[in-house]
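Please read the structure below before turning to the comments.
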Amino acid sequence: LEQAGRPLQVQTLTLADPGPHEVRVRLLATGLCHSDLNFMTGDARHLLPVVLGHEGVGVVAEVGSAVTGVTVGDTVIPYLVPDCGVCDLCRSGVTNNCRTMHRDFLTPRYTPYSRDGRPVGNLMGVSTFAEQTVVHQTQVVKVNPLADPGLACCLACGVTTGIGAVLNTARVRRGSAVVVLGLGGVGLGAVQAARLAGAFPILAVDTNPGRKEVAHRLGATHFIDAGAGDVAAAIRDITHGGADYAFECAGRASLYATALQALKGGAGAMLVGVGIVPADDDLHIRPSQLTGTTITRSFMGNAKRSDVAQYVDWYVDGLIDLSEIVSHRVALDEINEGYDLIRSGEAVRVVVEL
Ligand SMILES: [Zn+2]
Ligand SMILES: [Zn+2]
């Protein structure tokens with residue numbers, strides 16, 4: 001990305017050799033996530049130029065002298081959340097929001113990429129819109145080599161975020177009523193995790209009625225068209241008084257209010273914010289609505305590297321379905337057309353095969 005508002009450009013860059021603790025990865029596939037789109041439109045700002053992309057699967061091509069845990073030929077996911085293994089959050093058992101994670105996109109930092117001797121930035125230490133990348137070993141997840149890279153790449157961010165929000169952040173109880181608002185890759189991950197957790201009913205909500213069939217195939221028991229009537233009333237009706245859990249996966253602050261109205265009041269209900277909401281948006285909530293209700297936000301589904309590896313195994317074993325989520329596969333020089341498919345709502349998830 002050279003400039004916000006402009007299409008991505010495919011260019012040849014110089015890639016630095018891996019340092020002692022780094023791994024060079026030859027990427028095989030990368031998903032197109034909405035977060036990258038936010039940098040492209042300028043809704044989120046990053047020092048430019050930058051190599052975007054953070055949903056990759058690849059093969060280790062070279063390891064630094066001090067790297068342990070992976071060797072050349074291993075199938076890996078470069079994961080945007082590092083796992084240093086020693087900070088309080090890595091060791092917490094309930095989150096991964098590692099203290100070493102770099103989330104200041106406007107300050108220059110180390111990048112393996114350069115062009116004519118000048119640095120080209122990397123995204124969150126992974127930069128997967130590339131044939132090759134160099135990643136610190138704390139950001140490399142060794143995964144099941146039987147996985148189709150063109151599907152498993154969704155587990156580097158979007159689908160893992162949805163699964164983790166249900167299983168790690170909320171720890172959904174068997175038999176509880178779950179609502180998922182927003183059925184992109186994140187929401188469809190949440191629907192599947194709710195099914196795995198034994199939730200019932202599972203209500204899937206989207207403005208696009210075209211998502212109804214896929215939601216049902218992945219485990220939703222009900223679909224609610226958000227464009228047709230009072231969503232909260234429909235949820236209260238189906239759940240006989242309100243849901244136990246709501247997952248806001250669309251990234252819209254106004255949906256938090258809808259979700260609260262749809263939850264079972266006073267009875268241990270939980271609202272989990274999952275989608276990335278524009279930075280300036282506020283919540284308007286009546287404190288009386290919060291009696292007995294927990295509101296929290298989930299970052300990357302609190303997923304540690306070990307969770308990502310486990311979710312890849314679940315996909316390989318058929319417990320979760322990614323083929324319903326990846327609707328289009330394109331080549332690297334078609335990446336802008338891939339984002340057009342996302343913007344139009346035609347695609348659930350688009351993957352670039354490298
Ligand atoms: Zn850490
Ligand atoms: Zn993402």
Side-chain angles (χ1 to χ4, degrees), residues 1 8 21 27 29-41 43-44 46 50-57 69 77-103 105 122-130 133 135-141 151-165 168-169 182-190 247-251 273-279 297-308 311-312 322 325-326 335 338-339 342-343 347-352:
L1 179 69
L8 298 174
H21 295 279
L27 291 156
T30 179
L32 306 190
C33 181
H34 258 105
S35 314
D36 298 299
L37 188 59
N38 291 340
F39 292 114
M40 292 160 62
T41 58
D43 289 336
H46 199 291
V50 60
V51 180
L52 294 175
H54 60 277
E55 277 198 354
V57 171
I77 284 179
Y79 187 42
L80 63 93
V81 187
D83 193 343
C84 76
V86 294
C87 79
D88 56 333
L89 296 174
C90 280
R91 295 171 63 188
S92 72
V94 291
T95 74
N96 205 315
N97 213 343
C98 178
R99 300 281 182 199
T100 70
M101 183 165 37
H102 184 97
R103 292 167 76 181
F105 298 120
N122 77 338
L123 181 70
M124 301 197 80
V126 292
S127 287
T128 60
F129 291 170
T133 189
V135 186
H136 195 273
Q137 65 172 341
T138 59
Q139 291 191 252
V140 174
V141 188
L151 297 180
C153 60
C154 297
L155 290 166
C157 172
V159 178
T160 281
T161 296
I163 296 173
N168 301 329
T169 312
L183 302 175
V186 176
L188 292 172
F247 296 89
E248 198 289 313
C249 300
V274 189
I276 295 174
V277 178
R297 261 190 59 77
S298 177
F299 174 70
M300 288 300 297
N302 294 359
K304 298 178 188 292
R305 284 191 294 176
S306 54
D307 295 310
V308 175
Y311 301 160
V312 173
L322 301 175
I325 292 177
V326 175
I335 191 166
Y339 268 111
I342 292 172
R343 279 189 243 238
V348 183
R349 209 68 171 180
V350 180
V351 165
V352 170

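We count ligands from 1, going down the list as the structure has it; atoms in each ligand are counted the same way. Throughout, numbering of the chain's residues begins at 1 and tracks the sequence.
When atom types are taken as modelled, the side chain of Thr30 and the backbone of Phe129 share no donor-acceptor pair closer than 3.5 angstrom. Put simply, the side chain of Arg99 never gets that close to the backbone of Cys87: no donor and acceptor are under 3.5 Å apart. Judged by distance alone, the side chain of Thr133 and the main-chain N or O of Val126 form a donor-acceptor pair under 3.5 Å.
At least one N/O/S atom of Cys33, whether from backbone or side chain, sits less than 2.8 Å from the Zn ion (ligand 2).
Centred on the Zn ion (ligand 2), the angle running from His54 (NE2) to Cys157 (SG) is recorded as 110°, rounding to 10°.
Going from atom CE of Met300 over to atom OG1 of Thr161 covers 4.0 Å, rounded to the nearest 0.5 Å. To the nearest 0.5 Å, atoms NE2 (His34) and OG1 (Thr41) are separated by 9.5 Å.
Taking 2.8 Å as the limit, the number of protein N, O or S atoms around the Zn ion (ligand 1) is 4.
A 4.5 Å side-chain heavy-atom check between Lys304 and Ser92 finds at least one atom pair inside the cut-off. Counting only heavy atoms from C-beta outward, the side chains of Asn96 and Asp307 never approach each other to under 4.5 Å.
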